[in-house]
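Here is the structure we will look at, set down as structure tokens.
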Amino acid sequence: MTVDPMTVDRPDDRRPLWFFGAIKRTDAEKQLLYPENQTGAFLIRESESQKGDFALSVLDEKVVKHYRIRRLDEGGFFLTQRRTFASLNEFVDYYTKTSNGLCVQLGKPCVKIQVPVPFDLSYKTVDQWEIDRNSVQLLKRLGSGQFGEVWEGLWNNTTSVAVKTLKPGSMDPNDFLREAQIMKSLRHPKLIQLYAVCTLEDPIYIITELMRHGSLQEYLQNDAGTKIHLTQQVDMAAQVASGMAYLESQNYIHRDLAARNVLVGEHNIYKVADFGLARVFKVDNEDIYESKHETKLPVKWTAPEAIRANKFSIKSDVWSFGILLYEIITYGKMPYSGMTGAQVIQMLGQNYRLPQPPNCPPQFYNIMWECWNAEPKERPTFEKLHWKLEDYFETDFSFADTDNFVR
Ligand code: AMP
């Protein structure tokens, strides 16, 4: 069987086992790191950033390496121009017989593992998302946030969920219901899925998927650099950018993007939470949310034009993403520590920006810097940020012939 890019259009059961289609680099890593795979396990995927290009991901001991497969104008494939192939099949055949510059000889195709995510509690909640609060058992308090408490709960004695119980008066139920309608329709693997609500009495319950490791801010602070290093930090940032790129495509604005609003699940899954809620909450946490012209804002995360003129847009979310990158690379440090919100506003007006933290690679700092362009239009899109972070470690094999692998 000759495999060519048309593989993409084949039904799954007719694709070679090693062809995983358009999956992300980070998802390829996750699949290859499952214990079912051994050194040499590999897959070929379509590159997300360079449409029509392919990438090879290979497991070498406990590390996954990625190679960009280049295309010849006349249709062949190569890692290095010294050895070209008419089809991906020939390419795989060759590298299963010799490593010839690859980190290891290719072994077995990566085992495909599907991790199902329940998008709704049951078919009934698809439309009837107001559920009976008696069907939810609150088991363990996970935290208390500015608007109430968060509990681990069990729905219908079967499904683990997170339940946010809101302080009475923290929002107008009608405003919330309007926002929740939209939130429920936003579905993406990197966004916390809203499952259901109980709004008929106080306290209002917001029922979402449960994330075992809590907020990214605490997760980073607890680790403080012991287990988490640049590879994971870039992965976190890429996952958040992917969720935000989806919001961008839906013309939805988060308004409160920060490490405290990103949640951490098992197997290094990171998801954006609390999108849109900032608009409906009556905020009263003075540490982070400072008063400015009657509204209260997380000043250190908020873009200057949003502070000055209430101009919230996806570009003000991009500014906040830059601050979130700062939090990620500093293991959850408070940005502009020692400065008040008012001082920050004044300094930003004089073109001051957060300095490059120690141990922050220039490549990472450049991305932050771009997010803080004074001109909102000049800031990158989340789509671009996503690709940049996905490709952060990817190197062209053909340009690195002497040093054959990418990281
Ligand atoms: P919040 O009210 O959103 O600031 O949440 C308070 C704390 O509860 C967070 O810092 C998390 O540790 C925890 N938490 C919030 N949502 C979830 C969730 N969906 N799954 C697990 N823990 C959560």
Side-chain angles (χ1 to χ4, degrees), residues 115 117-121 125 129 131 136-155 159-171 176 179-180 183-184 186-199 202-224 228 236 239-240 243 254-290 296-298 300-301 320 323-324 327-328 331-334:
V115 188
V117 179
F119 258 157
D120 271 295
L121 294 176
T125 64
W129 45 285
I131 59 166
V136 186
Q137 245 177 298
L138 302 186
L139 299 179
K140 186 173 132 206
R141 203 176 78 155
L142 297 173
S144 65
Q146 61 211 85
F147 311 117
E149 295 179 336
V150 179
W151 288 74
E152 175 176 346
L154 199 60
W155 179 77
T159 310
S160 291
V161 290
V163 185
K164 220 172 227 203
T165 64
L166 299 183
K167 278 188 207 147
S170 56
M171 67 169 75
F176 171 65
E179 201 65 32
M183 281 155 58
K184 190 127 193 296
L186 296 170
R187 295 181 166 208
H188 186 270
K190 301 299 170 201
L191 294 187
I192 289 290
Q193 181 64 38
L194 175 69
Y195 285 152
V197 293
C198 305
T199 59
D202 268 333
I204 290 177
Y205 283 3
I206 302 177
I207 297 155
T208 65
E209 64 180 295
L210 179 71
M211 297 291 276
R212 293 277 169 204
H213 297 291
S215 86
L216 177 61
Q217 186 189 30
E218 291 156 318
Y219 188 73
L220 288 163
Q221 288 170 347
N222 292 340
D223 182 89
I228 300 173
M236 292 169 183
Q239 293 192 37
V240 173
H254 189 298
R255 290 168 180 260
D256 194 6
L257 183 60
R260 62 184 170 276
N261 287 331
V262 173
L263 293 170
V264 186
E266 278 164 310
H267 307 302
N268 300 317
I269 299 287
Y270 306 89
K271 301 194 185 196
V272 178
D274 286 351
F275 32 96
L277 283 187
R279 209 147 63 118
V280 285
F281 275 125
K282 297 172 183 163
V283 181
D284 68 355
N285 180 335
E286 289 286 347
D287 280 351
I288 293 185
Y289 297 83
E290 298 179 53
K296 293 181 180 179
L297 296 172
K300 292 180 174 181
W301 282 260
S320 312
I323 307 290
L324 168 62
E327 294 183 275
I328 289 177
Y331 298 97
K333 282 226 169 75
M334 174 62 110

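Both counts, for ligands and for their atoms, begin at 1 and track the order of listing.
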Any idea which heavy atoms bring K190 and I269 closest together, and the distance?
NZ-CD1, 4.0 Å
Here the pair of heavy atoms bringing E327 nearest to K333 is CG-O, 4.1 Å
Using distance alone, decide if ligand 1 has a nitrogen or oxygen within less than 3.5 Å of any nitrogen or oxygen in R212.
no
Looking only at heavy atoms, the pair that brings M211 and I192 closest together is CG-CD1, 3.4 Å
What is the distance from atom CG of N261 to atom NZ of K271, rounded to the nearest 0.5 Å?
15.5 Å
Is N261 touching ligand 1 with its side chain, its backbone, both, or neither, if touching means heavy atoms under 4.0 Å apart?
neither
Ligand 1-proximal atoms of A162, by part, heavy-atom distance under 4.0 Å:
side chain
If we only consider heavy atoms of L263, is any one of them less than 4.0 Å away from an atom in ligand 1?
yes
Near T208 (heavy-atom distance under 4.0 Å), the atoms of ligand 1 are 19 (N)
Numbering the atoms of ligand 1 from 1, which are under 4.0 Å from a heavy atom of K164?
1 (P), 2 (O), 3 (O)
Under 4.0 Å from a heavy atom of L142: which atoms of ligand 1 are those, numbered in the order shown and with their elements?
21 (C), 22 (N)
Using a 4.0 Å cutoff against the non-hydrogen atoms of S215, which atoms of ligand 1 qualify?
10 (O), 11 (C), 12 (O)
Could you tell me which atoms of ligand 1, counted from 1 in the order shown, lie closer than 4.0 angstrom to a heavy atom of D274?
3 (O)
Would you say E218 contacts ligand 1, with heavy atoms under 4.0 Å as the rule?
yes
Nearest heavy-atom contact between K184 and Q193 is O-NE2, 3.6 Å
dist L263:CG -> Q217:CD (nearest 0.5 Å) comes out at 11.5 Å
Measuring from the heavy atoms of E209, does anything fall under 4.0 Å of ligand 1?
yes
Evaluate R260 for polar contact with ligand 1, using N/O atom pairs at a separation under 3.5 Å.
no
If you compare all heavy atoms of W301 against all heavy atoms of L257, which two are closest, and at what distance to 0.1 Å?
CD1-O, 3.5 Å
Any idea how H213 and Y219 line up, ring-wise: parallel (<30°), tilted (30 to 60°), or perpendicular (>60°)?
tilted
